[in-house]
Every structure is written in structure tokens, then in C-alpha cells.
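In what follows, chains carry the letters A, B, and so on, assigned in the order in which the sequence lines appear, proteins first and then strands, with residues in each chain numbered from 1.
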There are 2 protein chains.
Amino acid sequence: MRRLKPMATRVEQRQRTEARILTAARRLFGEHGFDRTTIRAIATEAGSDPGLVMRYFGSKEKLFAQAAAIPADRPIEGSPEQIARLLTAALTDKLADEPTAALAALRAMFSHPEAAEEVRAAMTSQQRQVAAQLPGDDAVLRSGVIGALTLGLVVSRHLVRLDGLDASPEELIAVVGPIIEELATGA
Amino acid sequence: MRRLKPMATRVEQRQRTEARILTAARRLFGEHGFDRTTIRAIATEAGSDPGLVMRYFGSKEKLFAQAAAIPADRPIEGSPEQIARLLTAALTDKLADEPTAALAALRAMFSHPEAAEEVRAAMTSQQRQVAAQLPGDDAVLRSGVIGALTLGLVVSRHLVRLDGLDASPEELIAVVGPIIEELATGA
DNA sequence: CGATTCAGTCTACGAGTGTTGACTGAACGG
DNA sequence: CCGTTCAGTCAACACTCGTAGACTGAATCG
């Protein structure tokens, strides 16, 4: 019996299993939300075991926190026109296909208070930053509308799958881009 | 012991209790979503009993269906400018304070498949109707963006409570109205 | 090799859920 | 006035969930 090289070292196995669990968690949290996703279902989809999920991630809450962590947006700075361009580019990314991680956060946001706070914090911080650089005394309001528009588009496309929102990101940007620029400059 | 006039007839009592349950259900479904709202909590808030809720409404699902029924929007017809005006007026209503019924549907939509389908159906039908009357070959896309913008504003204001979106409906409409008109006319 | 660590499995517990059915007393109808 | 109906109460059931802990066998290390 050859025992010189094991199929996989322990750390490899561990990393692989954790990754499989995390992937399954993202998919299921994103598809069914926090409450309707069970540790058991995640374990099954990952070809693993509920007890193992608990041991590796501590609790369902902590697993969710890792699975739905919102990647920090790049800083948005410059003239109103530049800001509009940066926001439009960021929106293009968000409209790209199936951002499973953010999707989980988005969906859970409406039933999971902590997730809601995280999304809120992420949006608010970027929005404050943008508002400070926009002209006009309704800058806060206008940057809020930009945020609402962005959120609405992402939700409508990925979660609601609304009619007409299934166009290519380019077509969507062609319609929405000018609006964002208007809101940014205050025209 | 006077027994000629009871405090309340049976039908009165029944109606009152059903109404209390429905009110409590709307509030709790709207605040915590479908899964996190328990029949027990609804019964307690209504000053009633879980068993009674079941007997009157059949099941949690059916209670939710009654509590979160989406009121049909008025038909949207006319020239692009008129359509823009009607959509803006409808949005004004939706931005008014605490539309508990629709709020329950909106929140549940992200975790409760049936609620999602209901919201989707309501939005899609109105959107189709609007798109058919707008000029341009990207009418479907533009009316979709109007829907997304509307959804985004309502969600941002009532559910996320985003910065800047807490302005008065009039201030919001002052910013959003022109955008809707642009999208409607295709300028 | 021998002892130890650790990935992975299995079973079970305690809490909370929707739902059911028996029971009580007051309103109802004849 | 009496039998029936029904609003309201209470206790229990069946089930699912997150979680804890014992156990197994293979990888690891001195």
C-alpha cells in the first residue's frame, strides 16, 4: 500500500471543502434568502455535512456574513461629469450576469436586519461621498435618487426579472447613463 | 341581569376581530417579512389567539394573501406627456407615508416566491400597457427603466430608508418628474 | 512506528413553528 | 325556555431548524 503521497493534504482538503460550502451558501442564500436557506441544504449541495459547516463557520449567521460580504466599491471622485462616468461604470458591473455574492446580501436585506444594515451602510457611505462633490443645494437628494435608481435597476433585473430589463448592459446604460449624468450635474 | 341587548352581535364581533387580525398581520408582515412573522405574534398583537387566526383565515399563506393583496393601479393612458403625468402622480401616492399593505408584499417579495410573482405580475402588466403607448423602438426598455426607478424609489424610501430619500414627496417629484417625462417621451 | 490531530459522519436535543381539535360560555333561533 | 351555533381559549401534535457532542479513520509529526 503506497502511503508516501496522500490524495490531498489536510489543508488542501479543508480549503476545498470550505470553498465548496461557501459557493453553495452564496448560491442558496442568493436564490432563497436567509431564512429559507437551511444549513442542511447548504451542506447537501456542498456534498458535506451540517456539523462540519458549523465547525468551520461557527454559526449560520457567521456563514452568511462571509457569503454575503459586500465588496467595497471603488472611491468615486472628480468633477460631476467624472462622477457620473464612474457611477455608470459601476452600474455596468452590477448589471453583469449573476453577482451571486451581492445578490445574497440584496435578497436577505429585506428579511434579515443585519444584512439590511450592511447594505444600507455600504450605500449610504458611497452616497454621502458622492453628494459632497455634487453641485446644488439638493445634492443629497439627487445622489439619493441615483442610489435608488441603481438599486431599482439591479433589483428589477436580477431579482424581479422585470420586462425590458433583460436587455444587454450596453442598451440599458445607453438609456440610464444620460439620466445619471443629469442627476450628477444638476441640469 | 339585563340580557335584552348584548354588547355586540356575533357578526359585529367577528368582523371586528377579523379586522384587528388583518391590521396586525399587515403591520407585522410589512415590518418583518413573511418568514419572520409568526401566527402567534399576529394573534398577540391583535389581542386574539393563534387558533382563531387559523379558523378565520385558513392558513398563514391565505392570511398573507389577504393582508398583502396589491390594489390594482388605475389604467395609464394617453399621450406620452399624459402618461408621464399619470405615472408621476401614481409615484407620489406610493411615496406617501407607510403604505402598509403594499409594503408587506414588497418586503415579502424577496423571500416569498408567491409574493414575488404577484408583485411581478402587477408591475409587468402596467409596464406592458405603458410600453405599448410610448414612441420609439426602445419603448419596452424605457418603460422598464421607469418601473425600476419607481421600485427603487419606493424600496429606498420605505424599506432601506436611504439618505436623502426622506425628503417630502414634492421635493422628490421635483427631481424625478422630469426624468420620468424624458423616459416617456424618449427625449 | 506510535501518539496525536483533525476532516468528516452520525445522532440527538431543545426551541420554535404552523396547525388541529377539544372545550367553554355566550349569542342565537324557534 | 331550550337546543344549537359559534367566537374565543387552551393544550398538544408533528415537524423542521440550528446546534452540540460523540465517534471513526486517515493524515500528521516526533
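- If you check D/dG8, D/dA7, C/dT9 against the side chain of B/T17, the one that comes closest is D/dG8.
- In this structure, the CD atom of A/Q15 is 12 Å from the P atom of C/dG8, given to the nearest Å.
- Across all strands, B/R10 comes closer than 4.0 Å to base atoms (heavy-atom distances).
- With C/dA7, C/dG18, D/dC17 as the candidates, the nucleotide lying closest to the side chain of B/K60 is C/dG18.
- Side-chain nitrogen and oxygen atoms of B/Q13 include at least one within less than 4.0 Å of the OP1 or OP2 phosphate oxygen of D/dG8.
- A/I21 has its CD1 atom 10 Å from the C1' atom of C/dG8, to the nearest Å.
- The side-chain contact (heavy atoms from CB on, under 4.5 Å) test applied to A/E117 returns A/R120, not counting sequence neighbours.
- Across the protein-nucleic acid pair, A/I39 atom CD1 and C/dA12 atom C1' stand 17 Å apart, rounded to whole Å.
- Where A/R55 and B/P50 meet DNA chain D, the nucleotide closest to each residue was compared, and B/P50 sits on the side nearer the 5' end.
- With DNA chain D read from its 5' end, the first of the two nearest nucleotides for A/E61 and B/R20 is the one closest to B/R20.
- Ranked by how close their nearest DNA chain C nucleotide is to the 5' end, A/G51 and A/Y56 are led by A/Y56.
- Between A/F64 and A/F34, the ring-plane angle classifies as perpendicular under the 30° and 60° cut-offs.
- Atom CG in B/L52 sits about 17 Å away from atom P in C/dA22, given to the nearest Å.
- In terms of modelled atom types and a separation under 3.5 Å, the side chain of B/R20 and the main chain of B/A46 share a donor-acceptor contact.
- Considering only side-chain atoms of B/T38, the nucleotide from D/dG18, D/dG8, C/dT17 that sits closest is C/dT17.
- Put simply, CZ on A/F57 is 16 Å from C1' on D/dT19, counting in whole angstrom units.
- Put simply, CZ on A/F34 is 8 Å from P on D/dG18, counting in whole angstrom units.
- Spacing between atom CZ of A/F64 and atom C1' of D/dT19 amounts to 19 Å, rounded to whole angstrom units.
- When rounded to the nearest whole Å, the span between CE of A/M54 and P of C/dC13 equals 18 Å.
- Electrostatic pairing of B/E81 and B/R85 does not count as a salt bridge here, judged by no charged N lying under 4.0 Å from a carboxylate O.
- Judged purely by atom type and a 3.5 angstrom limit, B/Q127 uses its side chain to pair as donor or acceptor with the backbone of A/D163.
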